[in-house]
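Input: a single structure, listed below in structure tokens.
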Amino acid sequence: MKAVTWNGKRDMRVESVPDPSIVNPHDAILRVTSTAICGSDLHLYNGFIPGMRPGDVMGHEFMGEIVAVGRGCERVAVGDRVFVMCGISCGRCWFCKNTLFSACDNTTPAGSAVVLETMYGHAGAALFGYSHLYGGYAGGQAEYVRVPFADTGCVKVPPEIPDERVLLLTDVFPTGYQAAESCNLQRGDTVAVFGAGPVGQMAIQSAFMLGADKVIAIDSVATRLQMAADQGAIVVDDQKSDVLARLDELSGGRGPDACIDAVGMEAHGTSGTGVIAALDRAKQAIKLQLDRPVALRLAIQACRKGGTVSVPGVYGGFIDKFPMGAMFEKGLRIATGQTHFHRYGRPLLDRVLAGDVDASFVITHRVSLDQLPAAYAMFDEKRDGCVKVIALLPGART
Ligand SMILES: [Zn+2]
Ligand SMILES: [Zn+2]
């Protein structure tokens, strides 16, 4: 079969790789009908996540049709049309039973777990197509993919709904939703969202769904700001204005009730300028410091006293100049972590099917599987107004 493979920093290729097969009784094989590139795939593309090997199959956002199931599968059957949660969770360990799906104890193989345990104390759930650090599972930017724990990870969708209205339920919509939900929003609240990429857009949509009165989007890319404005957000171009002063102004001098960092470790646009940002970039380049917490620092600085800083943006390692003093002095609450995808897939699908919400507005580019390597470069360089790329394969409903 054909698949998008990683071959080193900024070297994605479409190659012929062996077809996946059932390995465990709880596996299913999915014929992929559509797949997307995620902002977090760019961390792999740019070589920021260790544990990638040449030939690894990319992609954690995908949907399609089940073509084979292991004998242990009870809830999915051949012929089902499903989307697949991008984290892999067993559904039966202590963490899964407590709906902490991204903390699943059973899906990261021993070899990967040792590295994560050394880095973080404990290992979390594996992810599709996200390095050998996260389990080394092949991803879904391919014609076929093996889905472990298919009963837990697959969500059935009705035949008539187009792929693109469902595909973003695999990751970015639940991620933006959990980020907003973690802010514990009250009616009348003001929320600032740093980074208006796909997760930022989903956080904006979710903040409105959860009752925020005013949502402010901060970015420097015109297409993204326009998309946020179309959703009803107030936009702040961080290249043109003093973000902190503007946020104070828009919140009666108090600061936003909640700040969402939807930028993560590769910050540049969001006030990634100045001496501290340059120092961060230099340190990251020589591996002294893994992450550039530019947006996170700004979010902490901006947030009102007693407010919440919610961090869906991905961080992998260590950061310095973390403003713990500001966190303490202002009594801020921080909410972070990989999304508990399986908590949100079905309920959000119901909202989509009811016509309440639609995440597909962030999709700006539709390509074929063969065009995905070029699309990585376009997305990374934010060329051609690119916010979200999906690839449509044979059998996709449009
Ligand atoms: Zn993703
Ligand atoms: Zn589990």
Side-chain angles (χ1 to χ4, degrees), residues 4 6 24 26 32 34-46 48-49 57-63 72 83-109 112-113 116 122-131 134-135 137 139-141 145 147-153 164 166-179 195 197-203 262-266 312-316 337-345 348 359-360 362-363 372 375-376 379-380 386-391:
V4 176
W6 184 95
N24 291 308
H26 49 68
V32 177
S34 59
T35 176
I37 304 178
C38 181
S40 62
D41 287 331
L42 295 180
H43 306 321
L44 305 176
Y45 176 76
N46 286 314
F48 283 110
I49 306 276
V57 177
M58 296 290 300
H60 58 266
E61 301 180 0
F62 53 86
M63 62 179 291
F83 68 88
V84 180
M85 304 318 307
C86 72
I88 307 174
S89 303
C90 76
R92 54 192 85 145
C93 70
W94 185 90
F95 292 97
C96 286
K97 287 214 163 92
N98 285 282
T99 76
L100 299 166
F101 294 100
S102 70
C104 177
D105 250 347
N106 279 336
T107 56
T108 301
S112 305
L116 291 176
H122 304 92
L127 294 162
F128 286 98
Y130 215 77
S131 89
Y134 291 94
Y137 294 89
Q141 287 170 11
V145 59
V147 180
F149 299 104
D151 278 346
T152 315
E164 64 180 51
V166 176
L167 182 60
L168 303 191
L169 292 167
T170 56
D171 179 6
V172 295
F173 194 3
T175 296
Y177 190 86
Q178 179 176 291
V199 169
Q201 299 291 342
M202 293 299 108
V263 176
M265 66 167 111
E266 282 193 65
V314 175
Y315 290 91
Q338 186 58 270
T339 309
H340 300 297
F341 301 103
H342 303 61
R343 236 191 239 171
Y344 303 102
L348 288 178
S360 64
V362 297
I363 300 168
L372 276 179
Y376 268 92
F379 183 32
D380 186 49
C386 181
V387 178
K388 184 81 179 173
V389 184
I390 67 166

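Ligands are counted one by one from 1 in listed order, and the atoms in each one are counted from 1 as well.
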Original post:
With a cut-off of 2.8 Å, does Cys86 place any N/O/S atom under that distance from the Zn ion (ligand 1)?
Top reply: no
Subject >> His60, N/O/S atom nearest the Zn ion (ligand 1) >> reply: NE2
Original post:
Of all N/O/S atoms in Glu61, which lies nearest to the Zn ion (ligand 1)?
Top reply: OE2
**OP:** Identify the heavy atoms of Gly129 and Leu44 that sit nearest to each other, and give their distance.
**Re:** O-CD1, 3.6 Å
Subject >> Check: Phe128 ring centroid to Phe62 ring centroid under 6.0 Å >> reply: yes
Original post:
With side chains defined as the heavy atoms from C-beta onward, is the minimum distance between Asp41 and Tyr130 less than 4.5 Å?
Top reply: yes
Subject >> For the Zn ion (ligand 1), the closest N/O/S atom belonging to Asp171 >> reply: OD2
**OP:** May I ask you to decide if Pro148's main-chain N or O and His26's side chain share a donor-acceptor pair within less than 3.5 Å?
**Re:** no
**OP:** Spell out, as yes or no, whether a donor-acceptor pair under 3.5 Å connects the side chain of Thr108 to the backbone of Gly124.
**Re:** yes
Subject >> Angular separation of Cys90 SG and Cys93 SG about the Zn ion (ligand 2), given to 10° >> reply: 110°
